[in-house]
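Bear in mind that the values here come from a model prediction, so they are computed numbers and not experimental data. Ligands are counted one by one from 1 in listed order, and the atoms in each one are counted from 1 as well.
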Amino acid sequence: MTKTTPVRKFQVYGKPHIDKLPQLQKLSEEQRLAMKTVAEVLPFRANNYVVEELIDWDNIPDDPMFQLTFPQQGMLKEEDFETMRGMMLRGADAKEMKPEIKRIQYGLNPHPAGQKSLNVPHENGEPVPGMQHKYRETVLFFPMAGQTCHAYCTYCFRWPQFVGLDDMKFASKEASGLVEYLKAHKEVTSVLITGGDPMIMRTSLLRQYVEPLLGPGLEHVTSIRFGTKAPAYWPYRFTHGEDSDDLMRLLGEIRAAGKEAAIMAHFSVKRELETDVAQYAIKRLISAGATVRTQAPLIRHVNDNADNWAQMWRLQVKLGAIPYYMFIERDTGARGYFEVPLWRAYMIFTEAFRQVTGLARTVRGPSMSCTPGKVLIDGITEVNGEKLFVLKMLQARDPAWVNQVFFAKYDQRAGWMDQLKPAFGEKEFFYAEGMRDMRKTGEGRVWLPTEVDALEETWRMESVEPDHHKKD
Ligand SMILES: *Cc1c(COP(=O)(O)O)cnc(C)c1O
């Protein structure tokens, strides 16, 4: 692929297109009604690139890209699905359907992991709009205009904002609040601009958020990351048009300011990396000076097989991208449909990990983004006859918890942290008391600048001189 390849014109598909898309006409009326029924409750958005290049229409409904982007009957509980379908069949009006839709949506745990209450920092008693600060080194920033995507993933944990359950007031119109916050918080070394998908914005708009981060007083911010699925869902964002050239310049400016420009690219399925235009997008990003790191959640019906991950990671490394995280899907939305039990997630990760060289073993997972932090399932083992999950905190609200190993009773059915019980007769996990304190104060972060030094001091005092250093 080169610049002379004609660019596709972006066409977005939503609910009304379920009856119109020619590719869907081979489905039965019944199947299309099921899709429309689910699309009343959960967000649906696809586009012409996804439909024409990524989905294998000879393999529906099983095709992973179809499962990733199109609504499926199993995503709603049977009784909820029947209620909605009944209304659709008798042509119920919006006024009648709305309360039912809301009831079902609120039953899908729309706000997991304390996103609202604990993650938003306060400055002078006021919440800082458009920001989350959960882990000491990294601030998340949500620009107002970046709160949608080129297509929606059916399992997306941000689904509530796409169906109007959340307003966009949490997002920010400008970077000034962010800059002020960062100037006052020298512990922050990384800003992660996320959404939605910030790459949905024109570069000129994106620039308004990025440029202020390159100025004086923010030397401690050494990386700017962009969380995006555009390389998978709309790679033309990076390859064609004046706007893509401008983006490459912006990435170059971040590099010139001495900071890392990191594209945190969401790739779920190998197919997303196989098109010429996707590979060209990665190439251009890297040529512009950005690093491309890849991540995705593990989703039943989409990517719950080890070979897909091994092939993805290998191809990513070949293209110059760096495998970063494999996540467990969050405890929200159509979770019953997508859930992979923790034991199986660990097996899939391990089987894939075994197939790749160390160059791809930069990936960590499977990892759960829980209220206290990111929890890695690091092993399944047995100690004194008790079968256990070995867990490790990769990221935490309290930096003192990071890299701590802990144990949970093995549970074949568990799919999320809240279903795990501490092993060895412990009453609660090691972070429980700290979490209670944070909930009491409403302050979801507890670090002090001196903490690292204090910890190192403890180690020094505890360390014992090795024998061969002793003089006799
Ligand atoms: C994952 C995550 C980050 C970034 O963590 P890294 O391990 O540095 O990639 C920051 N904030 C939140 C809320 C996260 O979930």
Problem set entry | salt bridge (Lys or Arg N to Asp or Glu O under 4.0 Å) evaluation trace for Glu426 with Lys421 | CA-CA 9 Å; Glu426 299 276 329; Lys421 299 267 178 300; over 6 Å; no
What's the shortest distance from [atom] to any protein heavy atom, and which residue and atom give it?
atom                    : result
atom 1 (C) of ligand 1  : Lys374 NZ, 1.4 Å
atom 13 (C) of ligand 1 : Leu140 CD2, 3.7 Å
atom 12 (C) of ligand 1 : Tyr135 CE1, 3.5 Å
atom 9 (O) of ligand 1  : Tyr324 OH, 2.7 Å
atom 7 (O) of ligand 1  : Tyr325 OH, 2.7 Å

Does a donor on one side chain and an acceptor on the other come within less than 3.5 Å for [X] and [Y]?
X      : Y      : value
Thr148 : Arg45  : yes
Thr228 : Asp197 : yes
Tyr49  : His150 : no

Exercise. Can you tell which of Pro366, Cys370, Pro297 makes a side chain to side chain contact (heavy atoms under 4.5 Å, CB included) with Ile328?
Worked result: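 With Ile328 as partner, Pro366, Cys370, Pro297 yield a single side chain to side chain contact (heavy atoms under 4.5 Å, CB included), made by Pro366.
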Exercise. Do any heavy atoms of Gln395 fall under 4.0 Å from ligand 1?
Worked result: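 For ligand 1, residue contact (heavy atoms, under 4.0 Å) with Gln395 is present.
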Problem set entry | Heavy atom of Arg225, distance to ligand 1 below 4.0 Å |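 Right, Arg225 reaches ligand 1.
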Exercise. Residues two or more places apart in sequence or in another chain: which of them pass salt bridge (charged side-chain N to carboxylate O under 4.0 Å, His left out) with Arg237?
Worked result: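 Arg237: salt bridge (charged side-chain N to carboxylate O under 4.0 Å, His left out) contacts with Asp243.
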